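Data first, discussion second: the structure below is written as structure tokens.
Treat the numbers as computed from the prediction; the structure is a model and nothing was measured. Each residue takes its place number in the sequence, starting with 1.
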Amino acid sequence: MTTEPSQGSRVVSSIESQSRKSLMLFSGRAFPELAEEIAAGLGITCTPSSTYDFANGEIYVRYEESVRGSDAFVVQSMTTPINQWLMESLVMIDALKRGSAKRITVVVPFYPYARQDKKHRGREPISARLIADLYKTAGAHRILTVDLHTSQTQGFFDGPVDHLFALPLLADYVKEKYAGAELTVVAPDSGRVRVAERWTDRLGGCPLAFIHKTRNALVPNEVKANRVVGDVAGRVCIIVDDMIDTGGTTVAAAEALFDAGAADVIAASTHGVLSGPAIDRLKNSRIREVLITDTLPVPPERRIDKITVLSIAPMIARAIKEVFEDGSVTSLFDGVSG
């Protein structure tokens, strides 16, 4: 004989089902392909939304499904025009907050304004801190990002920051493709030496070199002089950096390495910003291969033969899964972070 569930058990069951967490992924318009690849890695689809610009440029967002009680992840790649996509992400966060999402995580593979993390001279802003404040005010509870320009930027946000590293992805590619070559890891400036040390550990203890450079403080993206410090003669040199913007630093470092006797040069960077003259500079340089990830979109017309793009989506999907399940994101990068 079957027995009907009691009123009390039905109430408990209803409460349990309501308290069960729901993961929802939302994509901005900057790089929807990346969000879709992340969603595929999670075995879900991006939640549909109605997003458009008014005639005066204002942005409108409305989600087409209920987000109440959800664990929401907003994916936005900060590519050009960066201010438009930043504003769109803030509007998306606000819509989730007002739709009663339980927790909102901003997945921003390339953190905007990351280079403005301190004052070099008087009367300058610290824009990286401002971005963190904007996310917090909009309603974000957590930020998930990849390879910040400086790790200290994590402290600008009043909440958890999951800082992912592309180093395993990039270094393992180099290790496999250039197996047997005599490698030297090169930091393009003194600020990247710590990152270069982690590369040498990943590549089995190969030598480390760095470029001593001076910049013109009055002209952005302009390097005045380079000098190589370290053993590079006759070796395959890997220039490691967090981003390639106009390509000036990377190309100048490569020329300095060739002048110092390097046999070949590879450039490895997480973020392919590739602004302005970057493609022409890289194409006309003696650099053998430029290795980047797809934290930012690289349109087909800018994908020259020497540029190799690796997918960051599987790594971000694993991190989102750990966050959603209250697991450990740090465990994904044991031996890498620092």
Practice task
May I ask you to test the Asp294-Glu37 pair for a side-chain heavy-atom distance under 4.5 Å?
Solution key: yes
Handout entry: Any donor-acceptor N/O pair, Thr250 side chain to Gly247 backbone, under 3.5 Å
Key = no
Handout entry: Aromatic contact, Phe210 with His212 (centres under 6.0 Å)
Key = no
Exercise for the section: Could you label the plane-to-plane angle of the His163 and Phe165 rings as parallel, tilted or perpendicular, counting under 30° as parallel and over 60° as perpendicular? Expected result: tilted
Problem - Lys136/Asp158 salt bridge by N-O under 4.0 Å criterion - result: no
Problem - Note: Asp94-Lys97 ion pair, threshold 4.0 Å (strictly below) - result: yes
Exercise for the section: Let me know which of Thr308, Ile279, Val298 forms a side-chain contact (heavy atoms from CB on, under 4.5 Å) with Arg303. Expected result: Val298
Exercise for the section: Starting at CD1 of Ile266, measure out to CD1 of Ile239 and round the result to the nearest 0.5 Å. Expected result: 9.5 Å
Problem - Non-hydrogen side-chain atoms of Leu170 and Trp199 separated by less than 4.5 Å - result: yes
Fill in the blank from the handout: Rounded to the nearest 0.5 Å, the OG1 atom of Thr105 sits from the OH atom of Tyr135 at a distance of 12.5 Å
Problem - Taking every non-hydrogen atom, the tightest pair across Ala35 and Leu25 - result: O-CD2, 3.6 Å
Problem - Main-chain N/O of Thr51 paired to Ser49 side chain as donor or acceptor, under 3.5 Å - result: no
Problem - Residues Ile244, Thr249; criterion side-chain contact (heavy atoms from CB on, under 4.5 Å); working and verdict - result: CA-CA 8 Å; Ile244 299 176; Thr249 296; over 6 Å; no
Handout entry: Salt bridge present between Asp71 and Arg142 (N-O < 4.0 angstrom)
Key = no
Exercise for the section: For the residue pair Val323 and Phe73, establish whether any side-chain heavy-atom pair is separated by less than 4.5 Å. Expected result: yes
Exercise for the section: For the pair Glu255 (side chain) and Ala252 (backbone), establish whether a donor and an acceptor sit closer than 3.5 Å, ignoring hydrogens and angles. Expected result: no
Exercise for the section: Using atom types as modelled and distance alone, determine if a side-chain donor or acceptor of Arg103 lies under 3.5 Å from a backbone N or O of His141. Expected result: no
Exercise for the section: Taking the side chain as every heavy atom from C-beta outward, state whether Val174 and Ile238 have any pair of such atoms under 4.5 Å apart. Expected result: yes
Exercise for the section: Answer with yes or no whether the hydrophobic clustering places Phe258 together with Val290; edges join I, L, V, M, F, W, Y residues whose side-chain heavy atoms lie under 4.5 Å apart. Expected result: yes
Handout entry: Tyr111 side chain to Met78 backbone, donor-acceptor under 3.5 Å
Key = no
Problem - Pair Lys177 + Glu289: basic N to acidic O under 4.0 Å - result: yes
Practice task
List the steps and the verdict of side-chain hydrogen bond (donor to acceptor under 3.5 Å, both in side chains) for Gln116 and Ser127.
Solution key: CA-CA 5 Å; Gln116 297 185 41; Ser127 303; 2.7 Å; yes
Exercise for the section: Specify the closest pair of heavy atoms between Val232 and Ala260, including all atoms of both residues, with the distance to one decimal. Expected result: CG2-CB, 3.7 Å
Practice task
Please check if Val251 and Ile304 belong to a single hydrophobic cluster, counting links between Ile, Leu, Val, Met, Phe, Trp and Tyr side chain heavy atoms closer than 4.5 Å.
Solution key: yes
Practice task
Inspect the contact between Arg202 and Asp172 and indicate whether a charged nitrogen and a carboxylate oxygen are less than 4.0 angstrom apart.
Solution key: yes
Exercise for the section: Show your reasoning for whether side-chain contact (heavy atoms from CB on, under 4.5 Å) applies to Tyr113 and Arg129. Expected result: CA-CA 9 Å; Tyr113 290 84; Arg129 170 60 191 265; over 6 Å; no
Handout entry: Between Thr150 and Asp117, a side-chain donor and acceptor under 3.5 Å
Key = yes
Handout entry: Pairwise side-chain contact, Glu65 with Pro48, heavy-atom cut-off 4.5 Å (strictly under)
Key = yes
Exercise for the section: Give, for atom CG of Leu34 and atom CG of Leu296, the distance between the pair rounded to the nearest 0.5 Å. Expected result: 9.5 Å
Practice task
Can you measure from CG (Asp241) to CD1 (Ile211) and round to the nearest 0.5 angstrom?
Solution key: 11.0 Å
Handout entry: For the student: nearest non-hydrogen atoms of Pro32 and Ala30, plus distance
Key = CD-C, 3.8 Å
Practice task
Compare all side-chain heavy atoms of Val186 with those of Leu257 and state whether any distance is below 4.5 angstrom.
Solution key: yes
Problem - Main-chain N/O of Ile287 paired with Lys306 side-chain donor or acceptor, under 3.5 Å - result: yes
Problem - N-O pairing of Lys283 and Asp305 below 4.0 Å - result: no
Exercise for the section: Drop me the distance from Leu183's CG to Lys175's NZ, to the nearest 0.5 angstrom. Expected result: 10.5 Å
Exercise for the section: Could you tell me which non-hydrogen atom of Leu208 sits nearest to which non-hydrogen atom of Ala196, and how far apart they are? Expected result: CD1-CB, 3.2 Å
Problem - Test applied, side-chain contact (heavy atoms from CB on, under 4.5 Å); reference residue, Val106; option that passes from Leu90, Ile93, Val75 - result: Ile93
Exercise for the section: Considering non-hydrogen atoms only, spot the tightest contact between Val67 and Phe26 and give its length. Expected result: CG1-CZ, 3.6 Å
Problem - Any donor-acceptor N/O pair, His271 side chain to Asp147 backbone, under 3.5 Å - result: yes
Handout entry: Hydrophobic cluster identity match, Leu86 and Ile143, side-chain contacts under 4.5 Å
Key = yes
Handout entry: Verdict with reasoning, Asp53 to Glu58, per side-chain contact (heavy atoms from CB on, under 4.5 Å)
Key = CA-CA 6 Å; Asp53 299 329; Glu58 293 179 2; over 6 Å; no
Exercise for the section: Examine distances only and state if a side-chain atom of Arg235 and a backbone atom of Ala262 form a donor-acceptor pair shorter than 3.5 Å. Expected result: no
Problem - Flag, side chain of Thr293 to backbone of Thr270, donor-acceptor distance under 3.5 Å - result: yes
Problem - Flag for Asp245-Ser275: side-chain donor and acceptor within less than 3.5 Å - result: yes
Practice task
Drop me the distance from Ile59's CD1 to Met87's CE, to the nearest 0.5 angstrom.
Solution key: 6.5 Å
Exercise for the section: Measure centre to centre between the rings of Tyr52 and Phe54, then say whether the value is under 6.0 Å. Expected result: yes
Exercise for the section: Decide yes or no for Ser27 and Glu36: does some side-chain heavy atom of the first lie under 4.5 Å from some side-chain heavy atom of the second? Expected result: no
Handout entry: Side chain proximity check, Leu164 to Ile316, heavy atoms < 4.5 angstrom
Key = yes
Practice task
For the pair Arg29 and Gln84, evaluate side-chain contact (heavy atoms from CB on, under 4.5 Å) and give the outcome as yes or no after the intermediate values.
Solution key: CA-CA 10 Å; Arg29 294 177 295 172; Gln84 177 180 351; 4.0 Å; yes
Problem - Distance-minimising heavy-atom pair for Met24 and Ser70 - result: SD-CB, 3.4 Å
Problem - Glu325 side chain to Glu322 backbone, donor-acceptor under 3.5 Å - result: no
Problem - Transitive ILVMFWY side-chain link Val146 to Val161, under 4.5 Å - result: no
Practice task
Inspect the surroundings of CD in Glu124 and state if more than 12 heavy atoms from other residues, nucleotides or ligands are less than 6.0 Å away.
Solution key: yes
Exercise for the section: Could you state whether Leu134 and Ile126 fall into the same hydrophobic cluster, counting links through intermediate Ile, Leu, Val, Met, Phe, Trp or Tyr residues with side-chain heavy atoms under 4.5 angstrom apart? Expected result: no
